[in-house]
Amino acid sequence: MAEKILRIEDLTMQFGGVVAVDHFSMVINQGEIVALIGPNGAGKTTAFNAVTGVYTPTSGSVFLGEKNITGLRPDQITALGIARTFQNIRLFSSMTVFENVLTAHHLRRTSNVFTATLRLNAAEEARMRKDTEELLKRVDLYEFKDEMATSLPYGKQRLLEIVRALATKPKLLLLDEPAAGMNPQETEELGEFIKRIRREFDLSIFIIEHHMNLVMGISDRIYVIEFGKQIAEGVPEEIQNNPAVIEAYLGGGEDL
Amino acid sequence: MWNTIFPYFLSGVSVGGQYALIAIGYSMVYGILRLINFAHGDVFMVAGILMVYISASGVPLWICIPLVLVLTSLLGFVIERLAYKPLRSAPRMSIMISAIGVSYTLQNLVLYVTGGLNQFYPTIPWISDSITIGTATTKIVTVVTPILTLLLVFGLVMLINHTKVGMAMRAVSKDFETSQLMGININRVISITFVIGSFLAGIGSMLYFTNYTTVIQTSGAMPGLKAFVAAVFGGIGSIPGAVIGAFIIGICENIIKGLDIILLKSGLIAKPMGLATFSDAFTFALLIIILVVKPTGLFGEKTIDKV
Amino acid sequence: MSMTEKKKISTPQIISAAIILAFYVLVFIAEQTLAPTSMIFTVLKKGATYALVAVSMNLLNGFTGIFSLGQAGFMLIGAYVYAIFTIPLAQRAAVYQYYNGGIVQFTLPVFIAMILSGLVAAFFAYLIGLPVLRLKSDYLAVATLGFAEIIRAIFQWDKIGPLTNGSNMLRLFPTFNDFNIKNSSGEVVVYLSTMVPLLISGVCIALILMLINSTFGRALRAMKDDEISAEAMGIHLASHKQLAFCISSFFTGVGGAMLAMYQTTVQAKSFTTAMTYEILLIVVIGGIGSVTGSCLSSFLFVACSEWWLRFLDQKQVIGGFEVPLLRNGFRLVVFSIIIMIVVLFFRQGIMGTRELPDLFRKKRSAAKKGA
């Protein structure tokens, strides 16, 4: 009996007169890959931002497991076990690949500013570095560890952003259009990668995507949102044949 | 009681008008470039110095006045072209540092030229004459300032709302990039903004230094900062807001200067508390309060960042 | 070579350490041999003071991305706290002549007073940071500037004269020269008046460097790069900003105490925004984001202003012909022009984001940091 890792209940996000998300609910079970799809401007990233604490919901609640995380700060939510990537890559531009991932270990520190400054936390620092090294090796980014993060090719930057999120030791990983700008080959590799990390890191994954091949290929379940409202929910085959979904996308699946 | 307050109120209205003329420059430049032009107060000071030197060299006042206004406007234009335009695509901090650098440069240039000695502003006839209103004896400039300020602001608002140039300026403050795509000549709009702002600061300097006749290289720092606070208080980007903010600051600041005397005369305190030292600090306290309580100021607009 | 499990000390780092050590040794020797009034020592003492303040400002503005212009205010606080608590009891009546000797009637040892300077400055920073740190960068700059002005006004208020001496100078407190070791007849046996400030500065700057290279330093840099993604990686923005602000202000306060010792007098009205601007310009010239740059730039700046470019301020007559332009104040004009040139054309400053060891590293690929 799978535990519900994420529960969004009746979420509404209103900005002035605009209702971006309208009484939206969804559930992710432990270990699932769940996708949220919909036309542009449907409210997907807004929903993400409500889950990760960037926005405070106008009404409704978000639960991580049993814990109500509605209205918490983003850093608090990350500490509780939700990590995310961004639609527009947001790596730390002054840092190397290694430093980007190393910095994501900061939240799991036990030292304080005094012990860290005076190097009394040598064991902790060594552990963080070892963990960073291993993470980078597991995704074949280790050879680039001393390169400036933003000098990497686009596809590798996306990968790095995912790895950086993994360094925060999440239970739930949110991916915001991870395949954006990728060619079909890269997209397929990304799909394999996502399935792999789910297995290796024991994750649940919540993904926003427009590349339908990827979505249909890796998702266990899919939610479809339009104008902030849920219009369909189900496994990939059901969604592909759902008339409301087809209409929302104006007569055809949005293929590459 | 009112009789005691009135002289301070009156000088407050006057200096408020002078601050308003400076504040408009800050507000307009920030509205377009999102830049706090730290050098603006020093442009105001240079206008004062120019008047001192040009009139001292024998040029009659009726030529000096327009000449100084032209030179001040030119100064604003040149500063923008040399120190800000090259950094338009640089990170925000760079352009702010450049503004600070310009401020530093202007002050040092004036210090060099004047040798650090106090300069005395020439007496402009008529507005420097005395006038008595009620219990206050003051110079005519005190009365002329608010009236002139309001007229100029009215003219400016007309320009912004009813001319093509004004529409371009409004467009650029709303959306810098899109305006360029729509064919607006950004460089022209920005230059015009700086010219107008400096021109008004020039007029402000004539009124201000007729009242406080000493001019040295640091004369622009405080009025500049206070004018900036006024602009923020009123809502940065809003010209009426800057003007209202400036009058409020001018009035409050002067009342605080006289607060000891006011409180003494009304029997509320027994001896002076030395509160005048806080008249400057008041302005900054006001800034902090407004930034914390309503950062968009009285009339400003809220912007939402997209993640 | 792995730079991960345990950070091995690399050759460039050893070279850098050697250079710094050699510098201190040279200064010590110079101090015993050269005339104590030599310009070199003025430059070194003032340079050490400014270097500390510049590095503190760089920590805040350059590494954390908090554009604060309140440094003069914190230096003021540091200078006053130091002076107030170290003026010898016997002198207090003379210094606080209008305030019956002042209300503080005890003295603290010099180093305790300096630490206290930093702590009080950091405390004020904490209070100021509460409303101010959530403001956008331009507003934060003006708000901190405003606070510095408020502090300056408060310290001149004669109602608290018994503590601060109102608008009068504080003086007669221990200065750098008091570090010299004297023998029983009052002659100086070992000159330390330049070594000690350089050591104090050095220790403080070393601590700041250690902070920057720690996990907290990375968190601060992450906030500068991208606040939103730093927060998403679990970094609590408000508390880390306060941390940077308070630590920077602590060291700025200590710098203020050192400035008091250098100037031998303290007066609130000299801590103007122009002082903050000078520090900022020093940081920019050295390179925002380089501790080495801030140090180098501080010494360069002080050397030029106190020593090498002094001639620009003096009328020169060559062959009965007075050289135009050279008179009092020209030096500052030249500085201003140099600064504008750096700001406009050499935005990276002298060092960019590199530190001393980077100068000795072989050039790697073009994408390597600092290349």
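Each chain gets a letter, A, B and so on, in the order the sequences are listed, and its residues count up from 1.
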Okay, B/L87 and chain C: the region with an atom under 4.5 Å from a heavy atom over there is side chain

Do other residues, nucleotides or ligands put more than 12 heavy atoms under 6.0 Å from the OH atom of B/Y53? yes

Cut-off 4.5 Å, heavy atoms of chain C, and the answer for B/I288 is side chain

Turns out that what part of B/S279 lies under 4.5 Å from chain C's heavy atoms comes down to neither

The interface call for B/F38 against chain C, heavy-atom contacts under 4.5 Å, is side chain

Ordered numerically, the heavy-atom neighbours of chain B under 4.5 Å found in residues 65-77 of chain C are C/G65, C/F67, C/L69

* Side chains of C/S137 and B/M93 in contact at under 4.5 Å (non-hydrogen atoms) -> no

What one should report as the nearest heavy-atom pair of B/S98 and C/L344 is OG-CD2, 4.2 Å

The interface call for B/A90 against chain C, heavy-atom contacts under 4.5 Å, is both

In this structure, CG of C/L281 is separated from CD1 of B/I100 (nearest 0.5 Å) by 7.0 Å

Interface check, chain B: of C/A274, C/G329, C/G146, most non-hydrogen pairs under 4.5 Å belong to C/G146

Ranking C/R331, C/Q156, C/R152, C/E278 by heavy-atom pairs under 4.5 Å to chain B gives rank one to C/E278

Review point. Would you find more than 12 non-hydrogen atoms of other residues, nucleotides or ligands less than 6.0 Å from C/M169 atom CE?
Key: no

For C/R347 and B/P91 the tightest heavy-atom approach is NH1-CD, 3.7 Å

Report, as yes or no, whether the 6.0 Å neighbourhood of atom NZ on B/K294 holds more than 12 heavy atoms from other residues, nucleotides or ligands.
yes

Quiz item: Heavy-atom distance under 4.5 Å between the side chains of B/Y104 and C/L332, does that happen here?
Solution: yes

Honestly, the part of C/I128 sitting under 4.5 Å from a heavy atom of chain B is neither

One should read off an interatomic distance between B/L291 CG and C/R134 CZ, to the nearest 0.5 angstrom, of 10.0 Å

CG of B/N187: more than 12 outside heavy atoms within 6.0 angstrom? yes

Residue B/Y212 excluded, over 12 heavy atoms near OH under 6.0 Å: yes

The side chain to side chain contact (heavy atoms under 4.5 Å, CB included) partner of B/I97 among C/N61, C/I339, C/V284 is C/V284

Legend entry - salt_bridge(C/D138, B/R34) N-O dist < 4.0 Å: no

Within the 4.5 Å heavy-atom criterion, are C/S336 and B/Q107 side-chain neighbours or not?
no

Cut-off 4.5 Å, heavy atoms of chain C, and the answer for B/V232 is side chain

Between the NZ atom in C/K136 and the CZ atom in B/R92, the distance rounded to the nearest 0.5 Å is 6.0 Å

Output for pair (C/Y139 OH, B/Y30 OH), nearest 0.5 Å, gives 4.0 Å

Residues of residues 77-85 of chain B with a heavy atom under 4.5 Å from any heavy atom of chain C, in residue-number order, are B/L82, B/A83

